[in-house]
Participant: 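Let me begin by handing over the structure; questions about it come next.
Along the sequence shown, residues are numbered consecutively beginning with 1. Small disclaimer: the values here were computed from a predicted structure and weren't measured.
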Amino acid sequence: MGQKVHPFVQRVGFTKNWHSRWFAKPKDYPRFIEEDYKIRKFIKKQFKQAAISKIIIERLTEQLKVRILSGRPGIIIGRHGADIERLRQDLNSMVKREVSIDIEEVKRPALDAQLVAENVALQLERRIAYRRAMKRAIEQTMSSGAKGIKISSSGRLGGAEMSREETFKQGKIPLSTLRADIDYGFAEALTTYGLIGVKSWIYKGDILGKPTFQEESGKEAEREKVQRAEGRFK
């Protein structure tokens, strides 16, 4: 069998940062991991149509910060902020502490591997031919400026009796190059014939110089400074 490494995990600490950013004592570690899993599962279930790419969780002394990267932030915010306020109350009761929610818009969804995989899975659930859905996603991603993309679907494709895997790719995908900025996404399509798994890899170019996670931390510090000035944080 092939020995494969997750593209994101392979680059953590080098060009990628963790999605759960906190430290804990050994006795609290399992509880925090379970809480993070429940938070992500709850948000994904509540806002299926919001095109959520990532959910980044940070833990402070008395506060839990949830950062949601979405292709359709308006669905999460709701009319006059009603939905996001309801979400904040639900998370408060779930984790028994104050929760702060920050929503960011994904400017180019076609370059986000998770959103691409979910888009293909959604089309498969609507009974669109898998070849057409995958090729259309590849065209949109390449026209948005990606250097390479690979999409793989596995399951009872087209209602076949035996499951199989189909892969389409365009450009280059240097999975073993650590400086390569490769985004990975996975989604499942629940069809009448069973589950179909969709994986996507998007190569956006090489990261040279300062790693991405250091740039992200700088942007977060700058964003928090602005929010404090506006009075959003005490």
Side-chain angles (χ1 to χ4, degrees), residues 6-9 11-12 16-22 32-59 63-95 99-126 133-134 136-137 140-141 144 146 149 151-153 181-190 195-202 204 212-213 216 219-220 223 227:
H6 196 290
F8 176 79
V9 175
R11 291 167 174 82
V12 165
K16 304 284 186 183
N17 201 356
W18 297 99
H19 290 167
S20 292
R21 302 173 186 174
W22 45 263
F32 286 172
I33 289 177
E34 185 180 7
E35 275 185 7
D36 287 5
Y37 172 76
K38 287 181 178 178
I39 288 171
R40 289 191 173 96
K41 187 176 179 182
F42 178 78
I43 294 175
K44 280 274 193 180
K45 186 177 179 181
Q46 286 288 104
F47 302 99
K48 287 183 179 178
Q49 305 298 324
I52 295 174
S53 169
K54 298 180 186 71
I55 300 173
I56 298 171
I57 299 174
E58 297 181 43
R59 293 177 183 272
Q63 192 182 46
L64 188 142
K65 292 174 66 177
V66 179
R67 194 164 131 225
I68 304 173
L69 282 74
S70 170
R72 300 171 191 159
I75 296 178
I76 303 175
I77 296 171
R79 183 170 293 181
H80 305 297
D83 290 346
I84 192 173
E85 189 58 39
R86 193 181 305 114
L87 174 63
R88 186 181 288 109
Q89 292 173 2
D90 292 340
L91 294 181
N92 281 339
S93 61
M94 183 185 296
V95 300
V99 177
S100 126
I101 301 175
D102 188 15
I103 298 175
E104 288 185 25
E105 182 181 2
V106 178
K107 299 294 184 183
R108 294 190 289 178
L111 286 178
D112 192 293
Q114 182 63 34
L115 298 186
V116 169
E118 289 182 4
N119 181 36
V120 173
L122 185 63
Q123 292 185 63
L124 294 178
E125 289 180 351
R126 292 175 178 172
M134 293 165 72
R136 184 187 298 170
Q140 290 175 349
T141 301
S144 296
I149 177 173
I151 301 180
S152 174
S153 296
D181 184 10
I182 292 181
D183 197 12
Y184 172 77
F186 172 75
E188 289 180 333
L190 181 59
L195 279 177
I196 294 178
V198 181
K199 298 177 182 178
S200 67
W201 297 259
I202 297 177
K204 303 177 185 178
T212 305
F213 65 90
E216 279 187 2
K219 289 178 183 176
E220 286 168 13
R223 188 186 305 112
Q227 290 172 346

Participant: Tell me the closest heavy-atom pair linking Ile182 and Pro7, and the distance in Å.
Facilitator: CG2-CB, 4.3 Å
Participant: Tell me every residue that passes side chain to side chain contact (heavy atoms under 4.5 Å, CB included) with Gln46, counting only those two or more places apart in sequence or in another chain.
Facilitator: Phe42
Participant: Looking only at heavy atoms, which two atoms of Pro73 and Ile103 are closest? And how far apart?
Facilitator: CB-CG2, 3.6 Å
Participant: Report yes if some heavy atom in the side chain of Glu125 is under 4.5 Å from a heavy atom in the side chain of Leu190; otherwise report no.
Facilitator: yes
Participant: Run the side-chain hydrogen bond (donor to acceptor under 3.5 Å, both in side chains) test against Lys54 and tell me which residues pass, sequence neighbours left out.
Facilitator: none
Participant: Taking only residues two or more places apart in sequence or in another chain, which ones pass salt bridge (Lys or Arg N to Asp or Glu O under 4.0 Å) with Lys38?
Facilitator: Glu34
Participant: Can you see which heavy atom on Ile196 is nearest to which on Ser153, and at what distance?
Facilitator: CG2-CB, 4.4 Å
Participant: List for me each residue that meets salt bridge (Lys or Arg N to Asp or Glu O under 4.0 Å) alongside Arg88, sequence neighbours excluded, and say none if there are none.
Facilitator: Glu85
Participant: Who passes ring pair (Phe, Tyr, Trp, His ring centres under 6.0 Å) against Phe47, sequence neighbours left out?
Facilitator: none
Participant: NZ/Lys65 to CD/Glu58 distance, rounded to the nearest 0.5 angstrom?
Facilitator: 5.0 Å
Participant: Among residues at least two apart in sequence or on other chains, which ones pass side chain to side chain contact (heavy atoms under 4.5 Å, CB included) with Ala137?
Facilitator: Val116, Val120, Ile151
Participant: About how many Å separate CD1 of Ile101 and CD1 of Ile77, when rounded to the nearest 0.5 Å?
Facilitator: 10.5 Å
Participant: With heavy-atom distances below 4.5 Å as the criterion, would you say the side chains of Ile52 and Ile76 are in contact?
Facilitator: yes
Participant: Check side chain to side chain contact (heavy atoms under 4.5 Å, CB included) between Val12 and all other residues, then give those that pass, not counting sequence neighbours.
Facilitator: Phe8, Trp18
Participant: For the pair Arg67 (side chain) and Glu104 (backbone), establish whether a donor and an acceptor sit closer than 3.5 Å, ignoring hydrogens and angles.
Facilitator: no
Participant: Sequence neighbours excluded, which residues qualify as ring pair (Phe, Tyr, Trp, His ring centres under 6.0 Å) partners of His6?
Facilitator: Tyr184
Participant: In terms of side-chain geometry, is the basic nitrogen of Lys204 or Asp183 positioned less than 4.0 Å from the acidic oxygen of its partner?
Facilitator: yes
Participant: What are the two closest non-hydrogen atoms of Leu124 and Ala189, and how far apart are they?
Facilitator: CB-CB, 4.0 Å
Participant: Between the side chain of Arg21 and the main-chain N/O of Ile56, is any donor-acceptor distance below 3.5 Å?
Facilitator: no
Participant: Write out all pairs satisfying side chain to side chain donor-acceptor pair (under 3.5 Å) with one or both partners inside residues 110-121, taking only residues at least two apart or from two chains.
Facilitator: Lys44-Glu118, Ser53-Asp112, Gln114-Glu118
Participant: Under the salt bridge (Lys or Arg N to Asp or Glu O under 4.0 Å) test, which residues partner Arg86, sequence neighbours left out?
Facilitator: Asp83
Participant: Does the side chain of Leu87 come within less than 4.5 Å of Ile68's, by heavy atoms?
Facilitator: yes
Participant: Nearest heavy-atom pair of Ala146 and Ile202: which atoms, and what distance?
Facilitator: CB-CG2, 3.9 Å
Participant: Please enumerate all residues that pass side-chain hydrogen bond (donor to acceptor under 3.5 Å, both in side chains) together with Arg59, with sequence neighbours excluded.
Facilitator: Glu35, Asp36
Participant: Evaluate side chain to side chain contact (heavy atoms under 4.5 Å, CB included) for Gln89 paired with Val99, printing each intermediate quantity in order.
Facilitator: CA-CA 8 Å; Gln89 292 173 2; Val99 177; over 6 Å; no
Participant: What are the two closest non-hydrogen atoms of Thr141 and Ala110, and how far apart are they?
Facilitator: OG1-O, 2.9 Å
Participant: Under the side chain to side chain contact (heavy atoms under 4.5 Å, CB included) rule, collect the residues that match up with Arg108, sequence neighbours excluded.
Facilitator: Leu111
Participant: Within the 4.5 Å heavy-atom criterion, are Met94 and Ile39 side-chain neighbours or not?
Facilitator: yes
Participant: To the nearest 0.5 Å, what is the distance between OG on Ser20 and CD1 on Ile55?
Facilitator: 10.0 Å
